[in-house]
Amino acid sequence: MAGTCPYSGSHPELTRSDAYSSAVKHAQCLWNTQNDLHGGRKLINEDGYFGSDTYSAMRRIQSACGITVDGIVGTNTWKCLHPDQSPNPKYKEGVWPVD
């Protein structure tokens with residue numbers, strides 16, 4: 001997965017109040033890459049804006065990963081978006097695809 005969604009920054013907490021950021025674009029890319037890789041049909045626009053589609057997608061992955069469903073991209077949500085990182089206690093087989 002490394003290189004699929006290039007990003008050189010950190011993984012900050014993201015909320016709907018974030019108008020635009022490269023970190024949001026990174027989260028959107030991770031969502032799309034993982035969901036597409038596992039046969040998901042729902043993709044979101046990788047525009048860097050934390051709009052309603054991104055918010056809904058983050059809530060869906062949080063629910064699938066069994067973590068707090070609040071739409072905020074925090075540490076545990078980043079772990080769910082990065083199932084290729086190890087160790088990753090929040091990723092379990094069958095999380096993806098999330099439609």
Side-chain angles (χ1 to χ4, degrees):
M1 295 306 314
T4 303
C5 295
Y7 177 61
S8 61
S10 64
H11 290 94
E13 183 174 283
L14 303 171
T15 67
R16 288 188 77 175
S17 65
D18 293 302
Y20 171 85
S21 78
S22 58
V24 171
K25 191 170 184 174
H26 181 59
Q28 292 165 333
C29 179
L30 290 169
W31 164 269
N32 285 341
T33 300
Q34 286 298 327
N35 217 30
D36 184 57
L37 180 68
H38 292 90
R41 297 179 309 273
K42 176 71 174 170
L43 299 179
I44 54 177
N45 191 10
E46 295 177 29
D47 59 7
Y49 292 96
F50 202 126
S52 59
D53 287 346
T54 299
Y55 179 74
S56 295
M58 295 308 122
R59 290 179 56 86
R60 287 194 303 273
I61 192 56
Q62 289 169 336
S63 178
C65 282
I67 60 175
T68 301
V69 179
D70 57 11
I72 297 170
V73 182
T75 302
N76 288 332
T77 306
W78 281 115
K79 288 180 182 179
C80 288
L81 291 169
H82 277 288
D84 56 316
Q85 292 183 352
S86 183
N88 189 343
K90 294 299 178 187
Y91 177 71
K92 58 183 183 266
E93 195 63 38
V95 167
W96 299 97
V98 180
D99 285 323

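We count residues from 1, following the sequence as given. Hydrogens, waters and symmetry mates are skipped; everything else that's a heavy atom, side chains included, is used.
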I'd like to know if the side chain of [X] reaches the main chain of [Y], judged simply by a donor and an acceptor atom lying under 3.5 Å from each other, with no hydrogens or angles considered.
X: Ser63; Y: Arg59; result: no
X: Asn35; Y: Gly40; result: no
X: Gln28; Y: Thr54; result: no

task: Take Asp53 and Asn45 through the test side chain to side chain contact (heavy atoms under 4.5 Å, CB included) and record every step on the way to the result.
output: CA-CA 8 Å; Asp53 287 346; Asn45 191 10; 5.9 Å; no
message: Checking Asp47 against Tyr20 for the side chain to side chain contact (heavy atoms under 4.5 Å, CB included) test, could you report, in this order, the C-alpha distance in whole Å, the side-chain angles of both residues, the deciding distance, and whether it holds?
response: CA-CA 8 Å; Asp47 59 7; Tyr20 171 85; over 6 Å; no
task: Indicate, with yes or no, if Tyr55 and Trp31 share a hydrophobic cluster defined by side-chain heavy-atom contacts under 4.5 Å among Ile, Leu, Val, Met, Phe, Trp and Tyr.
output: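 As far as the 4.5 Å side-chain criterion goes, Tyr55 and Trp31 are connected within one cluster.
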task: Indicate, with yes or no, if Leu43 and Met58 share a hydrophobic cluster defined by side-chain heavy-atom contacts under 4.5 Å among Ile, Leu, Val, Met, Phe, Trp and Tyr.
output: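 No, separate clusters.
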message: With a 4.5 Å cut-off on side-chain heavy atoms, are Cys80 and Ile67 touching?
response: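 Yes, their side chains come closer than 4.5 Å.
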Non-hydrogen atoms of Ser17 and Thr15 that approach each other most closely: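 Scanning both residues completely, I find the closest heavy atoms to be OG-OG1, 2.7 Å.
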- prompt: Is Arg16 close enough and on-axis enough to Phe50, meaning under 6.0 Å and within 45°, for cation-pi?
  reply: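 The answer is no, since Arg16 fails at least one limit relative to Phe50.
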field: Val73/Trp78 under side chain to side chain contact (heavy atoms under 4.5 Å, CB included): CA gap, chis, key distance, verdict
entry: CA-CA 6 Å; Val73 182; Trp78 281 115; 3.5 Å; yes
If I take atom [atom1] from residue [X] and atom [atom2] from residue [Y], how far apart are they, to the nearest 0.5 angstrom?
X: Asn32; Y: Lys42; atom1: CG; atom2: NZ; result: 9.5 Å
X: Cys5; Y: His82; atom1: SG; atom2: NE2; result: 8.0 Å
X: Leu81; Y: Thr33; atom1: CG; atom2: OG1; result: 10.0 Å

field: Step-by-step side chain to side chain contact (heavy atoms under 4.5 Å, CB included) determination, Glu46 to His26
entry: CA-CA 8 Å; Glu46 295 177 29; His26 181 59; over 6 Å; no
task: Quick one: name the residues clustered hydrophobically with Ile72, using the 4.5 Å side-chain heavy-atom rule over I, L, V, M, F, W, Y, and just say none if it's on its own.
output: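 Ile72 shares its hydrophobic cluster with no other residue.
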field: Under 3.5 Å side-chain donor-acceptor pair for Asp70 and Gln62
entry: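 Yes - a donor-acceptor pair under 3.5 Å links their side chains.
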